[in-house]
Amino acid sequence: QVQVVESGGGSVQAGGSLRLSCAVSGSTASSMCMGWFRQAPGKEREGVASILTGADYQYYDDSVKGRFTIFRDNVKNTLSLQMNSLKPEDTAMYYCAAGRPGSTSCYIRFLRSGYDVGSWGQGTQVTVSS
């Protein structure tokens with residue numbers, strides 16, 4: 001079982017930047033899906049970005065392409081999301097997630113559907129004001 005704990009949320013004005021971090025512990029595979037999801041009030045949870053660790057393949061929702069970057073630090077065992085040019089519509093609770101053992105379909109089965117998510121963090125709030 002993989003455990004993930006987020007940090008780094010906060011409040012920022014539109015156009016600003018934030019970096020979210022996720023401490024990863026437990027039985028991690030050398031290659032697995034990890035990523036970030038978000039849920040705004042009254043909306044369903046949606047995938048933001050994912051990465052296949054080991055291969056470093058990255059996937060992004062169209063709404064954040066060019067503004068957000070997902071990356072993994074294997075030495076520190078963390079997953080991070082650098083968010084630039086933030087918009088008010090980015091306001092949401094952000095969740096770190098780790099894939100089920102053997103998960104390698106990091107776009108359709110992980111990011112788009114959440115089907116292969118095995119572990120969720122508790123969430124960290126991001127608020128962007130206009």
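For Leu81 against Val48, the heavy-atom pair with the smallest separation is CD2-CG1, 4.3 Å. Taking each heavy atom of Ser27 and Val2 in turn, the nearest pair found is O-CG2, 3.3 Å. Nearest approach of Val117 to Ala97, heavy atoms of both residues: CG1-CB, 3.8 Å. The minimum heavy-atom distance between Cys22 and Val4, with the atom names listed, is SG-CB, 3.4 Å. The minimum heavy-atom distance linking Thr91 with Ala40 is given by the pair O-CB, 3.7 Å. Shown here for Met34 and Ala98, the closest heavy-atom pair between the two residues is CE-CB, 4.0 Å.
With a 4.5 Å cut-off on side-chain heavy atoms, Tyr57 and Thr104 do not count as touching. The side-chain heavy atoms of Leu79 and Ile70, taken from C-beta on, include a pair separated by under 4.5 Å. In this structure, the side chains of Gln82 and Ser17 come closer than 4.5 Å at one or more pairs of heavy atoms. For the pair Met83 and Thr69, the minimum side-chain heavy-atom distance is 4.5 Å or more.
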Sequence neighbours excluded and cut-off under 3.5 Å, please list the side-chain donor-acceptor pairs for residues 123-130, or say none.
| unit_1 | atom_1 | unit_2 | atom_2 | d |
| --- | --- | --- | --- | --- |
| Thr124 | OG1 | Gly9 | N | 3.2 |
| Gln125 | NE2 | Ala92 | O | 3.4 |
| Gln125 | NE2 | Thr127 | OG1 | 3.4 |

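Annotation: cation-pi pair Arg100/Tyr115 present, NZ/CZ under 6.0 Å from the ring centroid and within 45° of its normal.
Environment of CD in Gln122: crowded, with over 12 heavy atoms of neighbouring residues, nucleotides or ligands closer than 6.0 Å. In the displayed structure, Phe71 atom CZ is contacted under 6.0 Å by more than 12 heavy atoms of other residues, nucleotides or ligands.
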Decide yes or no on side-chain hydrogen bond (donor to acceptor under 3.5 Å, both in side chains) for Gln1 and Ser119, but give the supporting numbers first.
CA-CA 8 Å; Gln1 185 74 12; Ser119 302; 3.3 Å; yes

Applying side-chain contact (heavy atoms from CB on, under 4.5 Å) to Ser50 and Cys33, what does each step give before you reach the verdict?
CA-CA 7 Å; Ser50 65; Cys33 298; 5.8 Å; no

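Proximity of a side-chain donor or acceptor of Ser113 to a complementary backbone N or O of Ile108 within less than 3.5 Å is detected. Listed for the Asp61 side chain is no donor-acceptor partner under 3.5 Å among the backbone atoms of Val64.
A salt bridge does not link Arg72 to Asp56: none of the charged nitrogens lies less than 4.0 Å from a carboxylate oxygen.
Both Leu20 and Val12 belong to a single network of hydrophobic side chains, linked directly or stepwise wherever heavy atoms of I, L, V, M, F, W or Y lie under 4.5 Å apart. Linking ILVMFWY side-chain heavy atoms closer than 4.5 Å, directly or via other members, places Val24 and Tyr95 in two distinct hydrophobic clusters. Linking Ile, Leu, Val, Met, Phe, Trp and Tyr whenever their side-chain heavy atoms come within less than 4.5 Å puts Tyr60 and Leu86 in one cluster. In the hydrophobic clustering of this structure, Ile51 does not group with Phe110; members are Ile, Leu, Val, Met, Phe, Trp, Tyr whose side-chain heavy atoms approach within less than 4.5 Å, directly or through other members.
When ring centroids are compared, Phe37 and Trp120 come within the 6.0 Å threshold.
Atom CZ of Arg112 is separated from atom CD of Glu46 by 8.0 Å, given to the nearest 0.5 angstrom.
Ring geometry, Tyr59 versus Tyr107: the interplanar angle falls from 30° to 60°, so the pair is classed tilted.
In this structure, the salt bridge (Lys or Arg N to Asp or Glu O under 4.0 Å) partners of Asp90, at least two apart in sequence or on a different chain, are Arg38, Arg67. For Tyr94, the ring pair (Phe, Tyr, Trp, His ring centres under 6.0 Å) test picks out no residue, with sequence neighbours left out.
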